[in-house]
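What you are looking at is a predicted structure, and each value in this text was computed from that prediction instead of being measured.
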Amino acid sequence: MIRIGLIRERKKLPDERVPMTPKQCAYIQTTYPSVKILVEPSPNRCFPDKDYIAAGIEMTDDLSGCDVLMGIKEVPVDHLIPGKTYLFFSHTKKKQPHNQKLMQALIEKRIRMIDYECLTHSDEQRILGFGLYAGIVGAHNGLLTYGRKTGQYELPPAHTVRSYKELLQAYEHLKLPNIKIVMTGSGKVAAGVLDVLTQLDIEPVEPADFLTHQYEYPVFTHLKGANLYARKDNDLFHRDDFHANPEAYKCIFSSYVNQADILMNGIYWERRIARLFEKEDIKRNDWRISVIADITCDIDGSVPVNVGSSTIAEPVYGIDRTTLQRTDAYQHTKNIIDIMAVDNLPNELPCDASQYFGLHLEKYILPELLSAESEILERATICRDGKLTKRYDYLTDYAYA
């Protein structure tokens, strides 16, 4: 028997998402007799406690008897149970400063930390994540922001409709102006963005046409790979070489800043990768972009004018192109760029996002938890028994006090 506990989210501004829905929990317990799921009560989940109880799932304040504990966001240090196996997004693999104490506590409490972000297939393709719904909500928020900024149309905030199906209903009679959108990135985030743009009948165009044509209807172009990066020495792009040596590449996004109205940024970024642009670039006389939806939300990252994450309640802030200072959003002036930088976008559609996440968890990860050995879980184990695993030795100066 393996006992899995679903923990209560305890970060400030608690997340409403869950690793598994009540229906999924019930299915797992029926399908896998060796699995017992317990749920810690919470007032904040998108699925209330009564839904789990109605599905036959045990509710308890004491999860100390569980073998595996699952959450979504980081667990506060004083709520970590020593010696347990945890699965959640720890946000430690990039040495995030704000989570260094969490990393050190995981070591001190001899916890096995399996990070959702690190769960991959053998080809390094991620297995779990909320990227699809980050892309959906991020694209929606970008369009909503442009409508509010220009006064040309209105869209409801995603969190007020509570489901993607209802959100699509808001698109049925919306006719957008002839805006030009540039989106970056690939994978699940890009898939979510593309779904929204397709639902709104925004026409895709090739990057070369986007740069040379104006249109009487809304259009978007999708930049990734060779359309976004080139080697500094020969202007070529090779995918494997880029992943191995990103510092050898330059970003060629600058041609688009005088052609796009909205940037929807969904690229993976790290410090060795060139930014899309630099802060001073927004002072260019030909700068056109007035709304940036930074979906991946790396502060001072690929979008350097992301000066801090925003919230679902207040998702947008302005950046003055002259002073580079943060200011009020939705001003009817091209001198202010509106930045949408919500760092928990899927929480605006928490039920849909949770159902999607739990489905993949049940299909791909639960069998691994039930196996005697698992390469998938081993690749995602950051620490165990009071020390980092070999794969994450690079965190040594970050993890040990």
Side-chain angles (χ1 to χ4, degrees), residues 1-7 18-40 52 55-58 60 62-75 79-93 102-130 188 354-396 399-400:
M1 176 68 72
I2 180 173
R3 296 164 68 86
I4 298 174
L6 303 189
I7 61 179
V18 295
M20 292 182 283
T21 70
K23 185 177 179 180
Q24 288 166 344
C25 289
Y27 173 82
I28 288 170
Q29 287 200 153
T30 300
T31 307
Y32 300 90
S34 63
V35 176
K36 169 74 172 177
I37 299 176
L38 299 94
V39 178
E40 186 178 13
Y52 286 95
I57 308 303
E58 182 178 339
T60 177
D62 182 10
L63 296 179
S64 61
C66 292
D67 307 290
V68 177
L69 299 171
M70 295 181 178
I72 298 295
K73 304 290 277 187
E74 302 96 316
V75 177
H79 285 278
L80 290 168
I81 303 176
K84 296 297 182 182
T85 294
Y86 276 88
L87 285 85
F88 57 86
F89 290 104
S90 72
H91 298 121
T92 57
K93 64 175 289 188
L102 171 61
M103 183 73 257
Q104 293 173 351
L106 294 169
I107 296 288
E108 292 167 6
K109 294 175 184 285
R110 304 180 67 83
I111 285 168
R112 183 184 185 187
M113 179 67 238
I114 301 174
D115 197 308
Y116 292 135
E117 189 176 359
C118 304
L119 289 165
T120 63
H121 297 291
S122 58
D123 62 357
E124 299 296 321
Q125 181 68 34
R126 280 183 61 182
I127 297 173
L128 290 181
F130 290 96
K188 294 293 195 296
S354 296
Q355 194 278 334
Y356 176 84
F357 185 86
L359 181 64
H360 288 77
L361 182 65
E362 180 262 315
K363 280 184 179 180
Y364 297 105
I365 304 306
L366 183 61
E368 302 298 318
L369 288 170
L370 299 176
S371 300
E373 296 182 1
S374 168
E375 292 184 6
I376 287 175
L377 296 185
E378 190 60 30
R379 282 194 295 269
T381 298
I382 294 179
C383 61
R384 180 200 293 111
D385 298 328
K387 59 184 179 180
L388 294 169
T389 58
K390 185 176 180 180
R391 188 181 181 93
Y392 298 94
D393 271 345
Y394 69 90
L395 295 173
T396 293
Y400 300 112

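Residues that satisfy the ring pair (Phe, Tyr, Trp, His ring centres under 6.0 Å) test with His360, not counting sequence neighbours, are Tyr356. Not counting sequence neighbours, Glu368 has no partner by the salt bridge (Lys or Arg N to Asp or Glu O under 4.0 Å) test.
Side-chain contact between Met20 and Tyr52 is absent, with no heavy-atom pair separated by less than 4.5 Å. At least one side-chain heavy atom of Glu362 sits less than 4.5 Å from a side-chain heavy atom of Tyr32. Put simply, the side chain of Tyr116 reaches to within 4.5 Å of the side chain of Leu119, judged on heavy atoms. Looking at heavy atoms from C-beta onward, Lys36 lies in side-chain contact with Glu58 at the 4.5 angstrom threshold. Side-chain contact check for Asp67 versus Leu369: every heavy-atom pair is 4.5 Å or farther apart.
From Thr381, atom OG1 reaches atom OH of Tyr392 across 7.5 Å, with rounding to the nearest 0.5 Å. Remark: Cys383 SG to Met113 CE distance equals 7.5 Å, nearest 0.5 Å. One finds the CD1 atom of Ile28 at 11.0 Å from the OG atom of Ser34 (value rounded to the nearest 0.5 Å). Rounded to the nearest 0.5 Å, atoms CD1 (Ile57) and CD (Gln29) are 4.0 Å apart. Atom CD1 of Ile114 and atom CG of Leu377 lie 4.5 Å apart (nearest 0.5 Å). Rounding to the nearest 0.5 Å gives a distance of 9.0 Å between CD1 of Ile4 and CG of Leu87.
Within a 6.0 Å radius of CD in Glu124, other residues, nucleotides and ligands contribute more than 12 heavy atoms. Residue Lys188 qualifies as open at atom NZ: its count of foreign heavy atoms under 6.0 Å is 12 or below. The environment of Phe89 atom CZ is dense: over 12 non-hydrogen atoms of other residues, nucleotides or ligands sit within 6.0 angstrom.
With Arg379 contributing its side chain and Thr120 its backbone, the two residues share a donor-acceptor pair below 3.5 Å. Judged purely by atom type and a 3.5 angstrom limit, Tyr86 uses its side chain to pair as donor or acceptor with the backbone of Ile81. When atom types are taken as modelled, the side chain of Tyr400 and the backbone of Leu388 share a donor-acceptor pair closer than 3.5 angstrom. Side chain of Glu40 to backbone of Gly5: no donor-acceptor contact under 3.5 angstrom is found.
Among all heavy-atom pairs drawn from Lys93 and Cys118, the shortest one is CD-SG, 4.0 Å. The two atoms that bring Pro19 and Gly71 nearest to each other are CG-O, 3.7 Å, heavy atoms only. The two residues Val18 and Phe357 come nearest to each other via the heavy atoms O-CD2, 4.5 Å. Leu80 and Ala105 make their closest contact through CD1-CB, 4.1 Å (heavy atoms, listed as atom of the first residue, atom of the second, distance). Listed here is the closest heavy atom pair of Ile382 and Ser90: CD1-OG, 3.9 Å.
The stretch residues 106-122 participates, sequence neighbours left out, in these salt bridge (Lys or Arg N to Asp or Glu O under 4.0 Å) pairs: Arg112-Glu378.
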Test side chain to side chain contact (heavy atoms under 4.5 Å, CB included) applied to Ile72 and Phe130, step by step: CA-CA 10 Å; Ile72 298 295; Phe130 290 96; 3.9 Å; yes
Can you check side chain to side chain contact (heavy atoms under 4.5 Å, CB included) on Ile7 and His79, steps first, answer last? CA-CA 10 Å; Ile7 61 179; His79 285 278; over 6 Å; no
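Asp62 and Ser64 share a side-chain donor-acceptor pair at under 3.5 Å.
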